[in-house]
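Quick caveat: nothing in here was measured; it's all calculated off a predicted structure. Start at 1 with the first residue, then count along the sequence. First listed ligand is number 1; within each ligand, the first listed atom is number 1.
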Amino acid sequence: MTTVETNLNQVRRQIAAACAAAGRSVQEVTLLAVSKTQPAAAVRAAHAAGQSAFGENYVQEALAKMDELADLPLQWHCIGPLQANKTRAVAERFDWAHAIDRLRIAERLSAQRPEHLPPLNVCIQVNVDGGPSKSGLPPHEALPLARAIVALPRLRLRGLMAIPEPQPDDAAARAVFARVAATFAQVRAALAAEAAPGQGASADFDTLSMGMSADLAPAIAAGSTLVRVGTALFGARPRPVK
Ligand SMILES: *Cc1c(COP(=O)(O)O)cnc(C)c1O
C-alpha cells in the first residue's frame, strides 16, 4: 500500500467515526483531498486509491497539475481566495470555487464560464469569528450575495464555506462551526422561500464546506457536508513556490 492509500483509509475511518458519533450517514460527507503544493504523482496515487475530488489554492500550480493528469477523470475545486485576474482560468478549468466573497468575482466567473461546460459550482465564504484570514463575509452579508449569485446564469450556488481560526479543543471548534451551520440554515431557508415555483435554486444549496485535517470531527458534528483535508492525506506541505 502507498502512504497516500494508508492515509486515505485512515481519514475515511475518521470521517466514518465522526459521522457515527453525530448520528449522520457517512454518505452525507464528501472528502475533498487538498493537493496544493503536492506533486501530480501524489494526486495520481490518491486517485488510484479511489479519491477523485481534489482542492487547489494556487491557480497556476493547479493548471500545470491538471495538464499532467489530463488522462484521469478528476474533479477540481478552487479553494483559495480569487483575484479578478485569475477568474478566467478558474471558470475554464475548475468544477468548483469555494471562496467567493465578492459579487464582482462571481460575475466574472459566470461571464467567463464556457458554454460547453455545466455551470460552475460555487460556495460563499463566510467569516464567523473575524479571524485574521480576512477572507470571507460576515454572516449577515451571505444572504444578499447568495441572492445575487442565484441570478447569475453560469453559476450554481451550492452552499457556504468557512475556515475558522484553530480552537483550543473540539468543543470550542464545534461551537464556531455551529455558527456557520446556523448561517447556512438561514440562507437555505430564505432562498427556498423566495424561489419561484419549479425553480431549483434552493435545492442546489446543499453544501457546507468546513473542516480540515485538525478539526474535521467537530466540523462533521456541526453539520459539515464536505471536509477539505490536505496534511492528513499527503503529509506536511513543502513551502509553496511563489
Ligand atoms: C490548505 C487548506 C486546507 C487543508 O488544510 P490541512 O490542514 O492541510 O488539512 C483546507 N482548506 C483550505 C481553504 C486550505 O487552504
Side-chain angles (χ1 to χ4, degrees), residues 3-4 6-15 17-18 29-39 42-43 45-46 49 51-63 65 74-83 86 90 94-102 105 121-129 131-137 142 158-170 172-174 176-177 180-181 184 207-242:
T3 309
V4 171
T6 306
N7 292 348
L8 254 176
N9 290 337
Q10 168 74 24
V11 169
R12 287 186 187 127
R13 276 196 298 274
Q14 266 180 271
I15 292 172
V29 180
T30 299
L31 171 60
L32 181 68
V34 176
S35 49
K36 65 179 177 211
T37 78
Q38 302 293 345
V43 175
Q51 179 65 27
S52 59
F54 293 87
E56 292 278 342
N57 292 53
Y58 313 106
V59 174
Q60 288 315 119
E61 178 199 332
L63 298 182
K65 241 175 268 186
L74 305 178
Q75 190 186 73
W76 292 99
H77 295 233
C78 178
I79 60 174
L82 258 183
Q83 249 104 63
K86 296 284 165 54
V90 172
F94 281 81
D95 301 289
W96 285 67
H98 286 236
I100 307 301
D101 63 2
R102 280 176 292 159
I105 296 295
N121 297 291
V122 299
C123 292
I124 293 172
Q125 184 177 355
V126 292
N127 182 339
V128 292
D129 55 5
S133 76
K134 292 200 185 81
S135 313
L137 292 171
R158 295 301 298 271
L160 301 184
M161 179 269 218
I163 317 173
E165 290 302 296
Q167 298 296 315
D169 56 47
D170 276 9
R174 184 176 169 170
V176 177
F177 286 129
V180 187
F184 176 75
T207 301
L208 187 47
S209 167
M210 60 186 192
M212 315 199 291
S213 295
D215 55 15
L216 67 87
I220 288 170
S224 171
T225 71
L226 184 150
V227 289
R228 308 176 310 267
V229 179
T231 312
L233 292 176
F234 299 112
R237 278 182 285 278
R239 206 181 284 268
V241 191
K242 289 229 90 181

Engineer: Thinking salt bridges, do K65 and E56 make one under a 4.0 Å N-O criterion?
Structural biologist: yes
Engineer: Quick one: pull up CD in Q75 and CG in L32 and give me the separation to the nearest 0.5 Å.
Structural biologist: 8.0 Å
Engineer: Which residue owns the protein heavy atom closest to atom 12 (C) of ligand 1, what's the atom, and how far is it?
Structural biologist: I79 CD1, 3.5 Å
Engineer: Below 4.0 angstrom from a heavy atom of G230, which ligand 1 atoms are there? Numbered from 1 as shown, please.
Structural biologist: 4 (C), 6 (P), 8 (O), 9 (O)
Engineer: With a cut-off of 4.0 Å, which atoms of ligand 1 are near a heavy atom of I163?
Structural biologist: 13 (C)
Engineer: By the definition side chain to side chain contact (heavy atoms under 4.5 Å, CB included), identify the one residue from I124, L226, V227 that meets it with S209.
Structural biologist: L226
Engineer: Fit a plane to each ring of W76 and F54, take the angle between them on a 0 to 90° scale, and name the class: parallel (under 30°), tilted (30 to 60°) or perpendicular (over 60°).
Structural biologist: tilted
Engineer: Tell me: protein heavy atom nearest atom 5 (O) of ligand 1, and distance?
Structural biologist: M212 SD, 3.8 Å
Engineer: Going by the order shown, which atoms of ligand 1 are within less than 4.0 Å of some heavy atom of R228?
Structural biologist: 4 (C), 9 (O), 10 (C), 11 (N), 12 (C), 13 (C)
Engineer: What part of N57 sits under 4.0 Å from ligand 1 if we count only heavy atoms: the side chain, the backbone, both or neither?
Structural biologist: side chain
Engineer: Give me the nearest non-hydrogen protein atom to atom 9 (O) of ligand 1 as residue plus atom name, then the distance to 0.1 Å.
Structural biologist: S213 OG, 2.5 Å
Engineer: Under 4.0 Å from any heavy atom of V229, which atoms of ligand 1 are there?
Structural biologist: 9 (O)
Engineer: Distance from W96 atom CH2 to T207 atom OG1, nearest 0.5 Å?
Structural biologist: 3.5 Å
Engineer: Restricting to non-hydrogen atoms, name the atom on L233 and the atom on V11 that form the minimum distance, rounded to 0.1 Å.
Structural biologist: CD2-CG2, 3.7 Å
Engineer: Please state whether H98 comes within less than 4.0 angstrom of ligand 1, counting heavy atoms only.
Structural biologist: no
Engineer: Taking N or O atoms only and a 3.5 Å limit, does V34 qualify as a polar contact for ligand 1?
Structural biologist: no
Engineer: Minimum heavy-atom separation for A181 and M210, please, with both atom names.
Structural biologist: CB-CE, 4.4 Å
Engineer: Taking atom 15 (O) of ligand 1 as the point of reference, which of K36, H77, M210 owns the nearest heavy atom?
Structural biologist: K36
Engineer: Could you tell me if the side chain of V229 sits less than 4.5 Å from the side chain of Q14, heavy atoms only?
Structural biologist: no
Engineer: Just to confirm my output: which protein heavy-atom neighbour is closest to atom 8 (O) of ligand 1, and how far is it?
Structural biologist: T231 OG1, 2.5 Å
